[in-house]
Amino acid sequence: MTYLTLLRKDLRVEARGRDALSASVTVAFLVALVGNVAFSELATAPVRVAAVLWTAIVFGAQVGLARSFVLERDQGTLEGLLASPASGAAVFWAKMSANLVVLHLVAVVALGAAALFFALPLDAAVVTLVPLLVLATTGIALVTTLAAALAAHGRNWILLVPVLALPALFPVVAVAVPGSADILDGAPFTAVFGHLRVLLAYDLVMGAAAWVLVPYLIEP
Amino acid sequence: MSPVSQDADRRLVGAIRMSGYLAGWLLLFTVGMAAFYAPGLPDCEDYATADPDDVPENCHTHPIAAKLLFFHVPAAFGAYAAFLLLAFASYRYLARPDRAWDAAAGAAAEVGVLFSLSTLVSGSLWGHLEWGEQFGYWNNDDPKLLLTLIMFLVYVGYLILRAQVDDPRKRARASAVYGILGVATVPLSYAAQRIWRADSVHPILFEGRDPASGFVTPGWGGTFAVASFAFLALAAFLVTTRLRLILQRLEREEDRA
């Protein structure tokens, strides 16, 4: 119950300010643009489009999700939340869920930007990209939120979040890029089952680890 | 109240002396054995005109560089041991907050980062010597390279996290959580060539079934074993020395307060 209340609060804060969303979307869009400029002559090779797509999502997440906990810290509201019946874990998972919503929107924009810059036909084939997009984006949101929670007590938290999150995100990128390149190349859905399985395992392992460790991380 | 009792400090000094003594002698033995006991491997250039069937399987382009095995792999073992200790210390801290365990985790992280950097650099040079342009200085096709690099970066992140948080209690708790999460990279780095069998330039050393793997040359197994223990002792010496310095600094700060 407290989780749902907190999630509603986090989503409402985001809906009113749209700080995380606007920052992430802008950065994701710009990374896609940089990718387009850098690869100008090579245009639409699927693996390059996939690489730009996931680089855009990962860096968008670093910018947008980094301040999740710092916001509460600076306003002194984290102490308030923890003094209420809400547990630290509920605070974390509510933020993680709100970030999940934000990052999926970022992923949609990044895909749109990639389609725009690389003349990617956004036809029915893109639907087969959805499971991979969801699983990988979930992993990125989870790890980046965890990094934001770890970094919240640091002085230069904005620098700390990518330092903590990016090494842990290599596996996601290493699986999501070839997987989505295959799909963009016209491979059928069944061809990327292996990739989906690895991403699912990653999400489950990271989720379980967060489930166990977060209560130690966020406490009064 | 000081961070550790006088009795614990005495034991720590004992551990420093013991591991330092062991490390010193074993490293001397390692150098001696690598030079005189482990025979040089055949040079592939000597077989340039020979029948391909006659070329020995263990010939190297730079046989002398192959002796980096006695540095490259034991240093990785030292790093693995330090990171496992870090995870154990982190677990103990979360179970019952005690600054001594937090200090041990910090000391282990520094040593582990140093050792894994040694492994990465020595491997990079070795690969460049053996395969030249084909390898460059870095080749992400090998899963072991990528996973060891990730492990190294994860613990560099750990050190940065520790340096960034001022409040000692928050620092200890955040870094303990991170230290437990990060240890997942250790088995992945160790077992990379076992999991992704075909893709690695790294041989599988500890497996009897495959005759092509392991030490095909006599004298190498023994030297490698001594080198491994030498680097583990060196890691233990560095961790305990660093731990004692950290504990003494904590004590001084408390005396001043």
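Lettering follows sequence order; numbering is per chain, from 1. Everything numeric here is computed off the predicted structure, so don't read it as measured data.
- Smallest separation of non-hydrogen atoms from B:Leu161 and A:Leu150: CD1-O, 3.7 Å.
- Looking at every heavy atom in both residues, A:Asn156 comes nearest to B:Gln164 through N-OE1, 2.8 Å.
- At a threshold of 4.5 Å between non-hydrogen side-chain atoms, the residues B:Leu181 and A:Leu146 count as touching.
- Residue pairs satisfying the ring pair (Phe, Tyr, Trp, His ring centres under 6.0 Å) criterion with at least one member in residues 143-188 of chain A, sequence neighbours excluded, are absent.
- Only the backbone of B:Ala163 comes within less than 4.5 Å of a heavy atom in chain A; its side chain stays farther off.
- Heavy atoms of other residues, nucleotides or ligands lying less than 6.0 angstrom from CZ of A:Phe59 number 12 at most.
- Taking B:Ile180, B:Asp166, B:Ile160 one by one and counting their heavy-atom pairs under 4.5 Å with chain A, the maximum is reached by B:Asp166.
- Looking at every heavy atom in both residues, B:Arg173 comes nearest to A:Leu217 through NH2-O, 3.9 Å.
- Put simply, of A:Ala151, A:Ala147, A:Ala149, A:Pro167, the one with the most heavy-atom pairs under 4.5 Å next to chain B is A:Pro167.
- Around CZ of A:Arg155, the count of heavy atoms belonging to other residues, nucleotides or ligands within 6.0 Å exceeds 12.
- Most heavy-atom pairs under 4.5 Å with chain B: of the set A:Val205, A:Leu164, A:Val163, this distinction falls to A:Leu164.
- Below 4.5 Å, heavy atoms of chain A meet heavy atoms from B:Ile150, B:Leu153, B:Val154, B:Gly157, all part of residues 150-159 of chain B.
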